[in-house]
A.B. asks: 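Structure in structure tokens, see below.
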There are 2 protein chains.
Amino acid sequence: MSATARKRLDAMAAKLKASGLKLTPQRLAIMRLLAESEDHPGADGIWRRLKRRFPGISPATVYRTVQLVKSLGEACEIAFADGGSRYDGRKPYPHPHIVCLACGRIIDPELGSLGDMTREAAAASGFEIKTFRLDFFGTCPECSKNKTKTMPTRRKK
Amino acid sequence: MSATARKRLDAMAAKLKASGLKLTPQRLAIMRLLAESEDHPGADGIWRRLKRRFPGISPATVYRTVQLVKSLGEACEIAFADGGSRYDGRKPYPHPHIVCLACGRIIDPELGSLGDMTREAAAASGFEIKTFRLDFFGTCPECSKNKTKTMPTRRKK
DNA sequence: CTCTCAATTGAGAATTATTATCAATATTAG
DNA sequence: CTAATATTGATAATAATTCTCAATTGAGAG
Ligand SMILES: [Mn+2]
Ligand SMILES: [Mn+2]
Ligand SMILES: [Zn+2]
Ligand SMILES: [Zn+2]
């Protein structure tokens with residue numbers, strides 16, 4: 001486990017305790033996955049990965065915990081048009097994403113001009129802007145090479 | 001009906017015919033709403049507005065038609081995290097939005113730096129970018145005013 | 001205009017990811 | 001350890017959207 005992942009996990013656990021909530025083995029495992037994963041896992045994927053170590057774990061527990069961590073401000077959700085969601089526990093604040101329509105991979109780009117554009121939007125509209133959502137969709141370098149077929153962001157529906 | 005709305009409606013009807021589909025009164029009414037509305041209506045809102053003129057119109061017909069117009073490339077969908085969708089038949093291509101969290105209003109801002117940012121994302125990631133989704137969330141000027149009037153200062157609880 | 005037939009509609013059933021319920025169980029403080 | 005309370009897993013419920021299908025309609029041909 002990397003140092004940054006450890007810090008993220010500690011932050012999640014600290015918020016839990018600060019709210020008087022209990023740190024169960026299931027929660028610890030889910031939070032650890034959220035803190036470590038660089039692939040923006042979905043609730044269903046987390047559940048499938050955790051079944052190995054917790055054979056009886058319920059999907060409801062995963063959904064509950066992921067929502068809990070989000071509500072504690074320690075993960076952010078990327079909700080897609082097909083109804084599926086993916087989560088990022090490494091960067092719990094809003095940030096842009098690039099989604100591969102072929103393999104479902106999601107990466108975090110660095111976009112220096114984002115702050116300026118947010119200010120431009122506020123100035124042009126008069127809105128007080130609280131948050132945002134920015135997602136690009138396309139084909140990742142690997143899939144461009146391989147010319148694979150499209151795969152949805154959600155495994156099964 | 002404005003000239004631009006007429007053009008949009010004509011484009012929708014032309015695509016329909018080009019695909020060998022039929023122009024029914026229900027479809028015409030739904031497409032007209034999509035072509036005219038500046039408020040980004042949702043399927044349910046379209047259905048409620050249309051019930052006046054078509055008392056027996058089915059929600060399924062509205063869902064079907066909105067999806068059809070979208071699949072013809074004549075409307076774009078803004079899908080939100082709560083599962084709901086709003087549609088824009090005036091600008092059928094991807095474009096940014098600003099959503100008021102208080103009243104639900106959605107506007108189309110002009111953002112000159114968007115093209116540059118898309119190129120920045122492509123260059124930084126190596127992805128071939130096909131489309132995007134950009135939504136800002138905040139409070140519109142009217143709701144900002146009303147909020148300060150009715151809730152001048154924070155009271156103790 | 002009439003005919004013909006595929007396309008479309010409306011009603012109701014089905015789908016399905018997520019959420020709510022609740023008795024049993026596990027965690028934490030003391 | 002014990003008590004108090006939070007959490008879990010199983011299961012039922014939810015609800016927006018989609019599907020099914022018999023009846024109806026649009027639109028081109030004649
Ligand atoms: Mn991310
Ligand atoms: Mn728009
Ligand atoms: Zn890919
Ligand atoms: Zn508003």
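Throughout, protein chains are lettered first and strands after them, A, B, ... in sequence-line order, and every chain is numbered starting at 1. Values below: every heavy atom of this structure, side chains too, minus hydrogens, waters and symmetry copies. This is a predicted model, so every value here is computed, not measured.
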A.B. asks: Taking only Lys NZ, Arg NE, NH1 and NH2, and the carboxylate oxygens of Asp or Glu, determine whether A:Glu36 and A:Arg8 approach each other closer than 4.0 Å.
C.D. replies: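 A:Arg8 and A:Glu36: not salt-bridged.
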A.B. asks: Between P on C:dT9 and CZ on B:Phe54, what's the gap in Å once rounded to a whole number?
C.D. replies: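 Answer to the nearest Å: 10 Å.
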A.B. asks: Please list, by residue number, the residues of residues 19-30 of chain A whose heavy atoms come closer than 4.0 Å to an atom of DNA chain C; answer none if no residue qualifies.
C.D. replies: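 Going residue by residue through residues 19-30 of chain A, the ones with a heavy atom under 4.0 Å of DNA chain C turn out to be A:Lys22, A:Leu23, A:Pro25.
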A.B. asks: Look at the aromatic rings of B:Phe137 and B:Phe80 and report parallel, tilted or perpendicular, splitting at 30° and 60°.
C.D. replies: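 Rings of B:Phe137 and B:Phe80: perpendicular, over 60°.
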A.B. asks: If you take any heavy atom closer than 4.0 Å to DNA chain D, which residues from residues 55-79 of chain B end up in contact?
C.D. replies: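 Contacting residues: B:Ala60, B:Tyr63, B:Arg64.
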A.B. asks: Among B:Thr131, B:Ile78, B:Asp88, B:Leu114, which residue meets the side-chain contact (heavy atoms from CB on, under 4.5 Å) test with B:Pro94?
C.D. replies: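 Only one option passes, and that is B:Thr131.
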A.B. asks: Which pair of heavy atoms, one from B:Tyr87 and one from B:Gln67, lies closest together, and at what distance?
C.D. replies: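 For B:Tyr87 and B:Gln67, the tightest heavy-atom pair comes out as OH-OE1, 3.8 Å.
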A.B. asks: How many angstroms lie between atom CE of A:Met31 and atom CG of A:Leu72, to the nearest 0.5 angstrom?
C.D. replies: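 Here the interatomic distance stands at 9.0 Å.
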A.B. asks: In whole Å, I'd like the distance from the NZ atom of A:Lys51 to the P atom of D:dG9.
C.D. replies: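 In whole Å, D:dG9 P and A:Lys51 NZ are 13 Å from each other.
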A.B. asks: Evaluate the ring planes of A:Phe132 and B:Phe136, with Trp represented by its six-membered ring, and classify them as parallel (under 30°), tilted (30 to 60°) or perpendicular (over 60°).
C.D. replies: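 Ring orientation, 0 to 90° scale: tilted.
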A.B. asks: Would you kindly give the CG-to-C1' distance between A:Asp44 and C:dT16, to the nearest whole Å?
C.D. replies: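 Taking atom C1' of C:dT16 as the reference, CG of A:Asp44 is at 12 Å.
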A.B. asks: Between A:Leu16 (CG) and C:dT27 (C1'), how many Å, whole number?
C.D. replies: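 Going from A:Leu16 (CG) to C:dT27 (C1'), I get 12 Å.
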A.B. asks: Looking at B:Lys17, I want to see if its NZ is surrounded by more than 12 non-hydrogen atoms of other residues, nucleotides or ligands under 6.0 Å.
C.D. replies: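 Atom NZ in B:Lys17 is not crowded, with 12 or fewer foreign heavy atoms closer than 6.0 Å.
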A.B. asks: Using atom CZ of B:Arg86 as one end and atom C1' of D:dT17 as the other, report the distance to the nearest whole Å.
C.D. replies: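 Computing the B:Arg86:CZ to D:dT17:C1' distance gives 18 Å.
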A.B. asks: Send over the distance from B:Lys17 NZ to C:dT8 P, rounded to a whole Å.
C.D. replies: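 Rounded to whole Å, this separation is 13 Å.
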A.B. asks: Which pair of non-hydrogen atoms, one from B:Cys143 and one from B:Ala102, has the smallest distance, and what is that distance?
C.D. replies: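 For B:Cys143 and B:Ala102, the tightest heavy-atom pair comes out as SG-CB, 3.6 Å.
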A.B. asks: Please report how far the helix from C:dC1-D:dG30 to C:dG30-D:dC1 bends, comparing the axis fitted to its first five pairs with the axis fitted to its last five, to the nearest 10 degrees.
C.D. replies: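 Here the local axes at opposite ends form an angle of 50°.
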A.B. asks: Around B:Glu142, counting heavy atoms of other residues, nucleotides and ligands shown, do more than 12 lie under 6.0 Å from its CD?
C.D. replies: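 Atom CD in B:Glu142 is packed in, count exceeds 12.
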A.B. asks: On a heavy-atom basis, which atom in B:His95 and which in B:Cys76 lie closest, and how many Å separate them?
C.D. replies: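 Looks like CE1-SG, 3.6 Å.
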A.B. asks: Does atom NZ of A:Lys7 have more than 12 heavy-atom neighbours, drawn from other residues, nucleotides or ligands, at distances under 6.0 Å?
C.D. replies: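 No, not enclosed.
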A.B. asks: Return the value, rounded to whole Å, for the distance between atom CG of B:Asp82 and atom C1' of C:dA17.
C.D. replies: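 Spelled out: CG on B:Asp82 to C1' on C:dA17 is 14 Å.
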